[in-house]
Amino acid sequence: MMEKRYLNILVCPNCKGKLSFDESAQELICDLDKLAYPILEGIPVMLIDQARQILPAVNP
């Protein structure tokens with residue numbers, strides 16, 4: 001489990017923007033770049049090539 005206090009110092013490595021924490025998915029989310037950085041064993045993996053691209057929601 002990642003400590004939430006780290007959100008104050010961690011930024012997106014791509015755009016340097018603020019990140020939000022998705023606790024259920026254990027990911028740090030950059031809304032600007034639409035990237036999700038995984039958290040493995042409580043450690044954020046802040047590598048752009050390891051981030052998951054967030055796809056826009058499809059409206060029916």
Side-chain angles (χ1 to χ4, degrees):
M1 179 66 79
M2 188 191 90
E3 293 188 38
K4 293 179 185 176
R5 66 183 172 159
Y6 294 129
L7 281 176
N8 294 329
I9 58 173
L10 290 174
V11 296
C12 175
N14 191 49
C15 72
K16 310 302 185 245
K18 189 171 179 88
L19 298 168
S20 59
F21 178 45
D22 182 344
E23 192 168 356
S24 64
Q26 286 295 296
E27 295 177 322
L28 293 174
I29 308 296
C30 176
D31 289 323
L32 295 173
D33 290 328
K34 303 295 185 218
L35 293 173
Y37 296 94
I39 300 171
L40 304 175
E41 297 181 19
I43 301 170
V45 180
M46 303 303 292
L47 301 170
I48 297 168
D49 64 339
Q50 296 293 312
R52 177 177 66 82
Q53 184 73 42
I54 298 172
L55 301 174
V58 177
N59 294 332

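Atoms considered below: every heavy atom in the structure, side chains included; atoms not considered: hydrogens, waters and symmetry mates.
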- Single-linkage hydrophobic cluster, 4.5 Å side-chain cutoff, Leu19 and Ile48 together: yes
- Message: Looking at every non-hydrogen atom in both residues, tell me the closest pair between Asp31 and Ser20 and how far apart they are.
- Response: OD2-OG, 4.4 Å
- Message: Could you check whether any side-chain heavy atom of Leu28 comes within less than 4.5 Å of a side-chain heavy atom of Met46, counting everything from C-beta outward?
- Response: yes
- Under the side-chain contact (heavy atoms from CB on, under 4.5 Å) test, residues paired with Leu47 that sit two or more places apart: Val45, Asp49, Gln50
- Note on the structure: CG (Leu40) and CD (Gln26) are apart, to the nearest 0.5 Å, by 9.5 Å
- Partners meeting side-chain contact (heavy atoms from CB on, under 4.5 Å) with Ala36 (sequence neighbours left out): Glu27, Ile29, Arg52, Ile54
- Look at the side chain of Gln53 and the backbone N and O of Lys34, then say whether any donor-acceptor pair between them is shorter than 3.5 Å. yes
- Message: What verdict does the side chain to side chain donor-acceptor pair (under 3.5 Å) test give for Ser24 and Asp22, after you've listed the backbone C-alpha separation in whole Å, the side-chain angles of each residue and the deciding distance to 0.1 Å?
- Response: CA-CA 6 Å; Ser24 64; Asp22 182 344; 2.9 Å; yes
Which atom pairs, donor and acceptor, lie under 3.5 Å between side-chain atoms of residues 8-16 and protein residues at least two apart or in another chain?
| residue | atom | partner | partner atom | Å |
| --- | --- | --- | --- | --- |
| Asn14 | ND2 | Asp33 | OD2 | 3.0 |
| Lys16 | NZ | Pro13 | O | 2.9 |

